[in-house]
Every structure is written in structure tokens, then in C-alpha cells.
Amino acid sequence: MRQRIKVLAFLCNWAPWSCYTGMGEQGMPVPGEVNVIRVMCAARVSTALLLKAFEKGADGVLIVGCRTDNCQHGTGPDLAERNIDHTREILDILGLERERVQFTYYLAHESEKLSSDLHRFVEKMETFGKSPVSG
Amino acid sequence: MTDYDRDLSLIIKETGIYQCLDCGKCTGACPVAETGKPFSPRLAASRVIERGDSDPYVQDFIWTCLTCGRCDDRCPSGVKFSNFVRLLRSRWIDSGKPGIYSHGGAMFSLMRMMSSPGIRQNRKGFIPAEVKTLSEGKVMYFVGCLPYFDVFFKNLNLNMVRIAVNSLKILNRCNIEPVVLDNERCCGHDLFWAGDQKGFAGLAKESYEDIKDHGVEEIITSCPECFYSFNEIFPQVVEGFDLKITHIYELIEEQLKKETNNFGLKLLPLQATLKDSCRLSYYKNTSQALRNISGQIPGLDIIETPDSKIGDFCCGNSAWVGCGAHSKSIQMKRLKASLATGSDLLVTSCPKCLIHLQCTMKDFCDDGSIEIKDMVSLFADALD
Ligand code: SF4
Ligand code: SF4
């Protein structure tokens with residue numbers, strides 16, 4: 001039997017978390033493959049944490065933050081993107097697809113967009129298959 | 001007596017802790033103690049005997065010690081103190097507690113991912129077209145973590161892979177076209193020294209099999225830790241380990257002894273000061289190699305720091321464990337000593353010394369600065 005994909009989604013406490021609770025209110029299910037972790041800012045997810053997620057068997061990791069002009073802390077999305085760039089370069093050397101880690105951002109009312117992106121991300125990870133670290 | 005206690009008494013016995021004479025030479029030599037932090041190897045040892053290793057002083061101690069080996073070197077009674085610390089770390093890890101790592105444990109994640117049987121890395125992207133390498137053959141060049149360091153420490157602008165590129169150029173100059181593996185796994189030095197013995201054993205077996213599958217009989221490395229790991233630790237866990245391990249310094253020295261060698265060194269009118277690596281000097285007793293090689297470069301004037309003459313001072317961190325205020329303080333001290341020699345260059349043997357000292361160099365502000373370069377790259381600069 002094919003093993004189920006494991007996706008980790010780090011959600012910033014502000015706009016993304018509002019989208020996430022909105023998903024629940026509007027009856028949009030979270031894909032079973034996705035485990036959600038709430039963080040105070042997308043920038044909290046350092047390169048070290050991203051690598052740890054892959055070490056522990058994640059097949060894909062999503063950092064969900066706010067739009068740059070909407071960040072509560074000012075530099076969150078920029079730092080998150082930098083951490084993702086570094087992680088992608090490391091994944092390149094490790095031989096893992098670089099799109100296994102991605103950044104997305106939302107405004108507080110965009111629950112539908114978050115929901116469809118989560119599904120799309122899981123589908124994309126399914127095309128990659130299990131990570132060689134977890135598999 | 002529980003199993004746990006029995007283990008501890010075995011560790012105490014095997015590392016010669018009972019032979020301690022309480023002379024204090026270890027504390028006198030210890031770079032951490034010199035920063036003013038209350039830090040005494042002999043006190044830690046007697047606490048373990050009296051109270052076991054859950055004592056808070058001991059717990060702080062084992063994740064602060066740099067395992068640099070300077071105390072082992074100076075101990076008149078043959079106490080193997082750094083290994084004592086390593087084994088206490090292993091007990092800690094085996095009891096299920098996470099180790100105390102620097103950089104959020106990122107390096108350990110990398111090491112563990114590189115241990116996965118299914119991983120297929122793409123490590124060779126840094127090798128320039130003019131450098132000749134093979135994918136199978138008897139002699140292999142072991143690159144180590146350098147490509148990963150360049151990404152992880154991007155803010156330091158290090159260009160660590162130049163150590164590998166220059167090593168390969170030197171090997172080519174000696175008519176060696178070495179194997180470089182796209183899927184080279186970590187040497188495991190840091191897993192072992194941070195107490196993850198099981199993790200190390202798994203990694204070592206995977207790595208050995210991969211290397212043998214490519215027809216390799218000899219590994220040449222430019223990294224002191226990889227050299228130490230393959231030489232000393234691999235044979236402990238890999239049955240029938242039969243690879244010959246050569247440090248690139250040995251190869252260069254051998255060439256330099258010949259009446260006509262392939263190098264043809266040109267003049268480098270520079271003044272340099274040297275930084276030994278703990279693994280080469282205290283653990284493998286080969287600190288002379290760095291001096292022999294640098295001494296052969298025409299025009300290069302070597303001025304040693306007072307410490308390096310009697311056995312060098314640590315670069316402030318080892319095995320990505322517990323980097324703290326003491327690390328910075330040690331690095332400051334080592335950099336100031338290098339600056340005081342008035343040299344143009346600080347030459348290191350170990351890529352980690354280079355990273356740690358370069359990191360602290362950023363904090364120097366008005367105190368001046370000195371270029372830090374690895375020995376292999378300096379030697380490559382002298383090739384005509
Ligand atoms: S140097 Fe050796 S004998 Fe002296 S106190 Fe330290 S461990 Fe004991
Ligand atoms: S190994 Fe180094 S840091 Fe640790 S106690 Fe000995 S001298 Fe001090």
C-alpha cells in the first residue's frame with residue numbers, strides 16, 4: 001500500500017490563523033495529510049526548524065504568512081522567504097525537490113484560497129512521492 | 001546497583017577518572033576556564049563519582065566542554081577527560097533527552113538526513129570543469145560538509161568549497177584523479193562527539209558500503225575531523241574496515257620531500273600566523289605537518305602566537321554543541337593573539353575554526369581585522 005504523504009504547515013498567528021479558523025467556520029475540511037502548527041510569525045520558522053521537519057519525516061513543508069505590507073512585525077515574510085531560499089539550496093544538495101518547501105501568504109478573509117492551496121500542495125507532494133528521508 | 005549506575009562506573013573506570021591526582025593542570029589548560037566561567041574538569045570528575053551525572057554542575061559541564069583535548073594533553077596521569085565527557089553525553093542521549101546543540105540543531109538534522117539509506121545527494125555542483133575527478137576508482141577525495149556550510153553560513157561569505165576545489169587541484173597536480181561521490185555521506189564526527197553513538201554507527205555503515213561500492217581503497221581528506229573520524233572511529237563500528245586514510249598534508253609533505261616535485265612553488269611575500277586544529281594536534285599528534293608545509297612556501301614568514309607554540313587554544317566550539325558567551329570570549333582571545341603577531345593572514349587547518357573565527361571577526365569593530373585562510377588554499381595560491 002502506498003504510504004500517505006505527510007505535510008507540515010506552519011501558520012502565522014495573524015492573517016493565516018484567521019483564514020484557518022474561517023475554514024472551520026465555513027465547513028472547509030483540512031486535508032488529512034496536513035498537520036498544522038501555529039507560530040507567532042512566519043519568520044519564527046528558521047532554516048533549522050525547516051530542516052528538522054524534513055529530518056523527522058515531513059514530505060512537504062508550507063510556511064503560511066501574511067502579505068509583506070500586512071505583517072504585524074514588519075519583516076516576517078521577507079525573513080521567511082530568506083529561510084526558505086536557504087532551505088531550498090540545501091534541499092538541492094540533499095537531492096530533495098526544492099518545491100517540497102513553500103511560502104504562501106493570505107489576507108485574513110482568504111479562507112477559500114488557503115483551503116485550495118493546501119489541497120494543491122498535498123497533490124503536488126503526491127506527485128513527488130515520499131521523501132527519501134521519510135520513506 | 002542499577003544498570004544505569006553500573007554503566008557510569010564503567011565509564012569512570014575506562015576513562016581513568018580514578019587516576020586523577022587533583023593537580024589542577026587540566027583547569028589551567030582549559031580554554032573555557034580561562035574565560036572566567038566556573039569550569040573545572042577535576043571538580044566535574046569528582047562530582048560524577050560522588051553524586052552521579054544528574055548533578056546540575058555536571059550537566060552544564062558536559063554540554064559546555066569543547067572536547068578540545070587540551071586537558072588530556074596536559075594531564076600527568078593519563079586521564080581521558082574529553083572522552084569521559086563524550087560518554088556522559090551518550091548516556092544523556094540514550095536516556096531520551098535531546099542534546100544541547102547550537103544553530104537550532106540544524107547540523108544534526110543534516111547529518112541524520114545524510115544517514116538515510118534512500119538519500120541521493122547532488123554534491124558535485126561546485127567542482128569546476130578544469131578539475132579532473134572520477135566516479136569510480138581506488139583513491140577518493142572526501143569533501144565533507146563544505147557545500148552545506150556555504151549555504152548555511154551565507155551571511156559570513158565564506159566560500160568554503162574553495163578548500164575542496166584547491167585540494168582537488170593539488171591532487172591533480174600530483175597526477176591523482178580522485179573519485180568524488182555525488183552522494184558522499186557525512187563523516188559522523190559530530191554525531192559521535194555529541195553522544196549519538198547509535199546514529200554514528202548507522203551512518204558509518206551506510207557510508208562505508210557506499211564508498212566500497214565505488215571501488216575505493218584509499219580516502220584522502222583535507223578536513224581534520226573527517227580524518228580523525230575515518231581513522232579512529234569508523235574502525236570501532238565497521239567490521240573489517242579496510243580503507244587507507246590519508247590527510248592531504250601527508251601527501252603534500254611526501255611530495256615536498258622529493259628532489260623534484262610537481263609543485264614548483266612561487267614566491268608569496270606574506271606574514272602569516274597559524275591556527276592548529278584540535279583533532280590534528282591533540283588527537284593525532286600531527287601539528288608539525290602544518291608547520292612543515294607552510295615553512296616550504298617561499299617568502300612566507302610564519303609568526304606563531306605564544307599559545308600555538310605550546311599547544312594551541314581552541315576556536316571556541318566543537319561538534320556544534322553549546323556555543324555560548326565562553327565561545328565568543330575564546331574566539332576573541334584567539335583573534336587578538338593573531339592580530340598581535342602583526343600578520344597579514346591567519347592560516348587554519350580546520351574548516352570549523354575558519355567558520356568560528358570568521359563569525360567572531362564580525363564583532364571586532366575597531367580592534368582591526370585579519371584575513372583568515374585555510375592552509376590548503378594558501379598552498380594552492382603558491383602553486384605556479
Ligand atoms: S590534569 Fe589530570 S590529574 Fe590533574 S586534576 Fe586534571 S584530570 Fe586530574
Ligand atoms: S576538553 Fe577542552 S574544554 Fe573540555 S575540559 Fe578539557 S580543556 Fe576544557
Side-chain angles (χ1 to χ4, degrees), chain A residues 2-8 10 37 39-61 63 75 78-101 103 125-135, chain B residues 98-127 143-161 164 180-186 188 190-191 194 196 199 202-203 206 210 320-321 323:
Chain A
R2 238 177 67 199
Q3 275 181 289
R4 197 178 202 190
I5 294 291
K6 277 192 248 166
V7 166
L8 204 55
F10 290 99
I37 297 178
V39 287
M40 284 312 287
C41 179
R44 171 64 186 88
V45 190
S46 60
T47 308
L49 277 180
L50 289 169
L51 293 175
K52 174 140 260 160
F54 286 105
E55 177 212 331
K56 295 287 183 194
D59 301 304
V61 184
I63 301 187
T75 51
D78 296 339
L79 288 174
E81 296 223 51
R82 187 204 61 189
N83 291 341
I84 285 188
D85 285 348
H86 286 181
T87 306
R88 286 185 157 183
E89 280 187 56
I90 290 173
L91 293 185
D92 282 344
I93 310 175
L94 278 171
L96 269 67
E97 295 82 356
R98 51 170 33 221
E99 292 87 2
R100 284 188 188 268
V101 56
F103 178 71
M125 293 310 110
E126 270 164 352
T127 64
F128 290 150
K130 296 295 290 173
S131 138
V133 179
S134 72
Chain B
I100 298 178
Y101 306 134
S102 49
H103 303 289
M107 300 304 166
F108 291 89
S109 291
L110 281 175
M111 293 171 219
R112 295 195 174 108
M113 283 194 269
M114 277 191 259
S115 315
S116 309
I119 200 110
R120 293 289 171 272
Q121 303 165 81
N122 303 307
R123 283 169 144 268
K124 287 164 71 172
F126 70 90
I127 303 176
V143 176
C145 318
L146 305 172
Y148 290 108
F149 289 159
D150 274 336
V151 184
F152 198 81
F153 297 108
K154 218 167 222 190
N155 62 327
L156 296 174
N157 269 327
L158 294 164
N159 190 9
M160 298 302 285
V161 293
V180 177
L181 293 187
D182 232 350
N183 196 35
E184 180 192 292
R185 296 173 197 269
C186 170
D190 297 340
L191 272 183
D196 186 356
L203 171 63
E206 288 289 339
D210 276 359
W320 311 115
V321 162
C323 175

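Here is how names work: the chains are called A, B, and so on, in the same order as the sequence lines, proteins then strands, and each is numbered from 1.
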- Taking atom CD1 of Ile93(A) and atom OH of Tyr148(B), what is their separation to the nearest 0.5 Å? 5.5 Å
- Task: Flag yes if more than 12 heavy atoms outside Lys56(A) fall under 6.0 Å of its NZ atom; otherwise flag no.
- Result: no
- Message: Taking side chain as everything from C-beta outward and backbone as N, CA, C, O, which of these in Leu96(A) sits under 4.5 Å from a heavy atom of chain B? Side chain, backbone, both or neither.
- Response: side chain
Anything under 3.5 Å between a donor and an acceptor, one on a side chain of residues 100-113 of chain B, the other on a protein residue two or more places apart or in another chain? List them.
from      : atom 1 : to        : atom 2 : distance (Å)
Ser102(B) : OG     : Trp320(B) : O      : 3.2
Ser109(B) : OG     : Glu55(A)  : OE1    : 2.8
Arg112(B) : NE     : Asp196(B) : OD2    : 3.3
Arg112(B) : NH2    : Asp196(B) : OD2    : 3.0

- Query: Taking non-hydrogen atoms and a cut-off under 4.5 angstrom, which of residues 114-122 of chain B neighbour chain A?
  - Reply: Met114(B), Ser116(B), Gly118(B), Ile119(B), Arg120(B), Gln121(B), Asn122(B)
